Structure formats: C-alpha cells, structure tokens
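Predicted model, so just to flag it, every value in this text is computed and none were measured.
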Amino acid sequence: MQTRSSLNGGFAWPLALAATALLGTLASACMMPFVAIAVATAATMNRRQAIVTIFGIWAINQMLGFGLMGFPLTRYALSWGLALGVGSIVAMLVASRILATGPALGVRLPIAFLAAFAAYEGGLFVFASVAGGTGTFTAPIVLAILSNDAIWFTGLVVLHLVLTRTAPKLFGASFAPLPA
C-alpha cells in the first residue's frame with residue numbers, strides 16, 4: 001500500500017484517513033479502529049507521516065470524545081486516552097517493522113495487522129493492570145474489538161485501492177514497491 005504521494009509527503013491519503021476516522025468516531029464512539037489506522041499508515045506512509053497522521057486522528061477522536069460525547073474529564077479517562085494514543089503509535093511501529101521485510105505484501109499485511117493488534121491490546125492490558133480496567137479484557141470484548149478493527153482495516157485497504165486507482169495523481173500508485 002505504499003504510494004509515491006504518501007512517501008513524498010502528500011496529504012490526500014492522510015486527510016482521507018482522518019475524514020474516515022472522524023466519521024467512524026461519530027458512528028461508533030468508543031470502538032475507534034486505532035489498530036486498523038495504525039497498520040494502514042504503516043503500509044502507506046513513512047514513519048514521520050504515519051506518526052503525525054495517527055496523532056492527528058487520535059487528537060480528533062479525543063476532542064470529540066471529551067467535547068461532543070461527554071467523556072468525563074477525570075485523570076483516569078484522560079490517562080486512558082493517552083494510553084490509546086501511545087498504543088496506536090506502538091501498533092504502527094510493529095506493523096511497519098513487519099511490512100519492511102518478509103514475503104509478499106499480501107502475506108505481510110494480515111501478519112502485520114495481527115501483530116499490531118496483539119501489541120496494542122497487550123500494551124493496553126499492561127496499562128490497565130496499573131491504572132485499572134482489566135475487566136474489559138474478556139474474550140468476547142477483545143474479539144469484538146478485533147472484529148471491528150479487521151472490518152475497518154479491510155475497508156481502509158479497499159478505500160486506498162479505489163482512491164489510488166481513480167485518482168493516482170492525488171493518491172499515488174497503488175502498492176508501488178518503494179522503500180520505507
């Protein structure tokens with residue numbers, strides 16, 4: 001999913017991701033697909049642009065959550081918001097590492113997604129062990145989050161393919177083999 005425009009600093013794809021995430025936040029509140037976004041940025045952007053994009057999307061999500069949706073402005077809630085942001089960056093770094101080497105992209109993408117999800121949820125569980133909230137890490141809840149992120153990730157891959165094929169000058173070539 002790496003494209004010439006994204007690796008050369010283009011803003012169309014990061015803005016498309018941000019718009020999609022904004023709509024996702026409004027539609028699903030606390031089921032934000034941070035892992036899907038992290039892997040999508042890892043596969044389509046250099047690290048700096050991916051970090052900036054993830055931070056921007058995370059910030060939008062937090063502003064909407066605390067502003068529009070009325071999340072409580074408590075130390076606990078704010079610390080969880082920060083943990084989600086850090087976890088998203090860690091997930092992107094894990095995915096980026098996997099996507100940089102190995103078999104064909106079609107094989108690396110699902111592996112990167114699963115490894116990023118494990119790193120994200122594992123990090124959040126460690127955080128919850130200190131801050132509180134491990135009760136939300138039941139199998140049904142984690143599987144629901146995994147399903148949500150997998151659906152979103154599939155949608156983001158399809159969106160990227162559609163955008164790069166319909167507007168290559170704006171979004172770059174689809175799946176161009178460029179270095180990270």
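When all heavy atoms of Val39 and Ala95 are compared, the closest pair comes out as CG2-CB, 3.9 Å. The two atoms that bring Trp13 and Thr44 nearest to each other are NE1-OG1, 2.8 Å, heavy atoms only. Ala116 and Val94 make their closest contact through N-CG1, 3.9 Å (heavy atoms, listed as atom of the first residue, atom of the second, distance). Nearest heavy-atom pair across Ala100 and Arg108 is C-NH1, 4.2 Å. For the residue pair Leu17 and Ala40, the shortest heavy atom distance occurs at CD2-CB, 4.5 Å. Here the closest non-hydrogen pair linking Leu99 and Ala42 is CD1-C, 3.9 Å.
The side-chain heavy atoms of Met32 and Ile37, taken from C-beta on, include a pair separated by under 4.5 Å. At least one side-chain heavy atom of Leu124 sits under 4.5 Å from a side-chain heavy atom of Leu84. Between Val90 and Tyr120 there is no side-chain heavy-atom pair separated by less than 4.5 Å.
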Point to revise | Worked check of side chain to side chain contact (heavy atoms under 4.5 Å, CB included) between His160 and Leu156 | key: CA-CA 6 Å; His160 187 264; Leu156 292 176; over 6 Å; no
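Follow the hydrophobic side-chain contacts under 4.5 Å out from Ile145 and you reach Phe125 in the same cluster. Under the 4.5 Å side-chain heavy-atom criterion for grouping Ile, Leu, Val, Met, Phe, Trp and Tyr, Leu114 is connected to Ile141 within one hydrophobic cluster. Taken together through direct or relayed side-chain contacts under 4.5 Å among Ile, Leu, Val, Met, Phe, Trp and Tyr, Met45 and Leu170 form part of one hydrophobic cluster. With hydrophobic clusters built from ILVMFWY side chains whose heavy atoms lie under 4.5 angstrom apart, Phe171 does not share a cluster with Val162. Hydrophobic clustering places Phe55 together with Val35 (ILVMFWY residues linked when any side-chain heavy atoms are closer than 4.5 Å, directly or through intermediates).
Distance check, rounded to the nearest 0.5 Å: CD1 of Ile54 to CD1 of Ile89 gives 4.5 Å. In this structure, Leu78 CG and Thr74 OG1 are separated by 6.0 Å, a value rounded to the nearest 0.5 Å. Distance check, rounded to the nearest 0.5 Å: CD1 of Ile51 to CG of Asn46 gives 9.0 Å. With rounding to the nearest 0.5 Å, the separation of CG in Leu64 from CG in Leu22 is 5.5 Å. In this structure, CE in Met63 is found 12.5 Å from CE in Met69, a value given to the nearest 0.5 Å. Note that OG1 of Thr154 is 12.5 Å distant from CG of Leu159, once rounded to the nearest 0.5 Å.
Side-chain atoms of Trp58 come within 3.5 Å of backbone atoms of Gly81 as a donor-acceptor pair (strictly under, hydrogens ignored). Under the 3.5 Å distance criterion, the side-chain polar atoms of Ser96 are left unmatched by any main-chain donor or acceptor of Met92.
Identified under the side chain to side chain donor-acceptor pair (under 3.5 Å) test for residues 80-91, with sequence neighbours left out: Tyr76-Trp80.
Every residue meeting the ring-ring contact (aromatic ring centres under 6.0 Å, His included) condition with Phe113, not counting sequence neighbours, appears here in chain and number order: Phe153.
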